[in-house]
Amino acid sequence: MTEKKRSLSGIKPTGTPHLGNYLGMIKPAIKMQATHQTFYFIADYHALTNIREPQSLKEYTYDLTATFASLGMEFENHAFFRQSDIPEVTELTWFLACLTSKGLMERAHAFKDASAKGQDVNMGLFSYPILMASDILIYDSHVVPVGKDQKQHLELTRDIAQKFNNDFGVDFFPEVEPLIFGTATRVMSLRDGTKKMSKSDPSDYSRINMTDNADAIAKKIRKAKTDPQSLPANVEKFEARPEAANLMGLYADFSETSIEDVCNRFGGGEFSAFKKQLADLAVAMLRPPSVPCASVRSGRRGRRDSRRRSDLLWLDGSG
Ligand code: ADP
Ligand code: TRP
């Protein structure tokens with residue numbers, strides 16, 4: 001029997017998960033259970049670069065776990081854990097940090113963006129990509145399902161792995177491939193089509209939370225920003241029409257068709273009618289998960305794994 005390839009990914013417990021997290025990372029990750037040996041984790045150490053309250057960290061960790069559970073994550077057959085459960089990851093981080101140049105870290109977008117905004121950059125944020133490289137390399141991962149915004153982190157992982165292999169004249173760490181798939185790899189804010197949908201946006205109307213009920217989902221789509229023209233009939237128009245591009249991309253992803261098909265079907269039509277159909281589709285796709293999600297969330301039963309320090313996760317979902 002040929003061994004299955006390994007798929008690994010992590011997600012930070014820094015807020016309630018939203019549609020961008022779902023389409024960019026959670027949906028592909030869950031799908032890959034059928035074809036890969038999967039390792040998924042809650043990146044609680046990465047979250048410490050900006051979260052200070054222990055209670056928030058705990059709550060968001062439950063929210064994320066409940067979201068995965070309700071969307072079909074099979075905890076019995078696939079590894080699902082907290083990053084902090086595996087202390088070897090932080091040990092490897094130190095070894096890799098000693099090989100990684102400061103110049104390489106200065107190229108990282110997360111660090112550059114925070115510096116450009118005049119934020120106080122802590123060393124955790126600065127060396128964030130090294131911890132992420134350890135996450136990926138320690139499990140000999142082959143593919144890493146992530147949203148588009150994580151591409152640079154995976155390039156940095158490859159640079160760090162190559163540096164290790166070159167410095168020691170070995171072929172120890174393999175090349176890792178980012179897996180960015182689907183038509184909505186970068187879901188944009190519903191209030192501004194040029195900004196990424198994000199947990200940190202102050203407006204709740206900018207995103208669909210995975211905990212939103214059907215009414216909230218439909219209302220947010222109805223109120224989503226648009227422009228005064230009719231829907232574009234081809235993708236060439238998308239650059240100048242970011243809100244239309246975003247909504248049509250969502251429709252394509254939900255219905256698993258191509259953007260071209262969506263343009264052919266709705267091009268020239270009114271936003272209001274299209275939004276109604278998009279809302280129905282979104283509710284059909286997201287509403288079933290949000291019911292069990294809430295019940296897993298309130299059930300909150302944890303199974304302790306005696307081999308690890310974890311007293312959390314490994315939810316059995318039996319409420
Ligand atoms: P956020 O930006 O909301 O804090 P994270 O940085 O925790 O989200 O991202 C978790 C995962 O979700 C990553 O794989 C990331 O690429 C993906 N992701 C986050 N936002 C989006 C988005 N708007 N569109 C597509 N994927 C996204
Ligand atoms: N940096 C990722 C994010 O912000 C989270 C993450 C941590 C991750 N370690 C990882 C993703 C390893 C993929 C693989 O979403």
Side-chain angles (χ1 to χ4, degrees), residues 7 9 11 16-35 40 64 67-68 70-73 143-151 178-199 201 205-212 214 216-226 231-239 241-267 269 271 273-290 293:
S7 162
S9 197
I11 184 161
T16 304
H18 55 77
L19 185 62
N21 301 138
Y22 173 59
L23 295 180
M25 184 267 187
I26 302 174
K27 184 179 165 190
I30 286 182
K31 242 184 179 171
M32 290 174 80
Q33 291 181 112
T35 48
Y40 300 137
L64 272 173
T67 301
F68 272 84
S70 65
L71 293 167
M73 183 74 215
V143 286
V144 183
V146 279
K148 229 182 212 162
D149 62 339
Q150 293 299 310
K151 193 163 174 268
L179 189 92
I180 300 172
F181 69 50
T183 35
T185 52
R186 190 169 159 81
V187 179
M188 308 311 276
S189 157
L190 298 180
R191 306 303 305 161
D192 177 351
T194 62
K195 265 173 52 188
K196 196 185 86 148
M197 183 179 285
S198 170
K199 294 169 198 143
D201 193 309
Y205 278 93
S206 69
R207 67 186 154 259
I208 292 176
N209 299 309
M210 294 309 290
T211 45
D212 283 344
I217 295 171
K219 190 167 176 196
K220 286 177 178 181
I221 291 179
R222 208 166 52 240
K223 288 186 167 283
K225 185 178 169 205
T226 51
L231 285 156
N234 60 61
V235 287
E236 281 93 73
K237 302 272 184 329
F238 274 11
E239 206 171 322
R241 316 265 317 264
E243 282 83 20
N246 191 36
L247 296 178
M248 292 171 95
L250 290 179
Y251 191 99
D253 200 301
F254 287 142
S255 57
E256 305 205 341
T257 51
S258 67
I259 302 263
E260 287 76 15
D261 283 348
V262 179
C263 287
N264 288 340
R265 183 161 163 209
F266 294 100
F271 272 104
F274 170 72
K275 278 178 164 181
K276 171 89 187 63
Q277 295 207 40
L278 177 62
D280 289 347
L281 196 54
V283 169
M285 298 297 294
L286 306 174
R287 172 81 177 127
S290 64
C293 180

Is it the case that over 12 heavy atoms from other parts of the model lie below 6.0 angstrom from the NZ atom of Lys237? no

Taking C-beta and beyond as the side chain, do Tyr22 and Leu286 meet within less than 4.5 Å on heavy atoms? yes

Note: Asp192 and Met188 closest approach over all heavy atoms is O-CB, 4.5 Å

For a quick test of reading the model, state the closest non-hydrogen atom pair linking Asp149 to Arg186 and the distance between them. CB-NH1, 4.3 Å

In terms of relative ring orientation, are Phe266 and Tyr251 parallel, tilted or perpendicular, with 30° and 60° separating the classes? perpendicular

When you compare the side chain of Met210 with that of Ser70, does any pair of heavy atoms fall below 4.5 Å? no

In this structure, which one of Asn21, Ile26, Leu19 forms a side chain to side chain contact (heavy atoms under 4.5 Å, CB included) with Leu23? Leu19

Can you check whether Glu236's main-chain N or O pairs, donor with acceptor, with Asn234's side chain at less than 3.5 Å? yes

Can Arg207 and Asp201 be counted as an ion pair, charged N to O under 4.0 angstrom? no

Over all atoms of both residues, closest heavy-atom pair of Gln277 and Arg265: OE1-NH2, 3.2 Å

A side-chain contact here means heavy atoms from C-beta on lying under 4.5 Å apart; do Arg222 and Lys276 qualify? no

Thr226: side chain to side chain contact (heavy atoms under 4.5 Å, CB included) partners, not counting sequence neighbours: Leu247, Phe271, Lys275

Quick check: does any side chain N or O of Asn246 sit under 3.5 Å from a backbone N or O of Glu243, one acting as donor and the other as acceptor? no

Phe68 vs Ile30, test: side-chain contact (heavy atoms from CB on, under 4.5 Å). Steps then yes/no. CA-CA 8 Å; Phe68 272 84; Ile30 286 182; 4.1 Å; yes

Side-chain contact test, heavy atoms from C-beta onward, threshold under 4.5 Å: evaluate it for Phe238 versus Cys263 and give yes or no. yes

Taking 4.0 angstrom as the limit, do Asp253 and Lys27 come out as a salt bridge? yes

Could you state the interatomic distance from CG (Leu71) to NZ (Lys31), rounded to the nearest 0.5 Å? 13.0 Å

Which heavy-atom pair separates Met32 from Pro145 by the least distance, and what is that distance? SD-CG, 3.9 Å

Quick one: list whatever passes side chain to side chain contact (heavy atoms under 4.5 Å, CB included) with Ser258, sequence neighbours left out. Glu260, Asp261

4.5 Å side-chain heavy-atom contact, Leu281 and Leu250: no

What's the shortest heavy-atom distance between Gly72 and Gln33, and which atoms? O-NE2, 2.9 Å

Given the rule in the side-chain contact (heavy atoms from CB on, under 4.5 Å) test, do Leu278 and Phe254 qualify, once you have shown the distances and angles that lead to the verdict? CA-CA 9 Å; Leu278 177 62; Phe254 287 142; 4.0 Å; yes

So Ile221 and Ile208, side-chain contact (heavy atoms from CB on, under 4.5 Å) or not? Walk me through it. CA-CA 9 Å; Ile221 291 179; Ile208 292 176; 3.9 Å; yes

Taking every non-hydrogen atom, the tightest pair across Ser9 and Met25: OG-CE, 3.4 Å

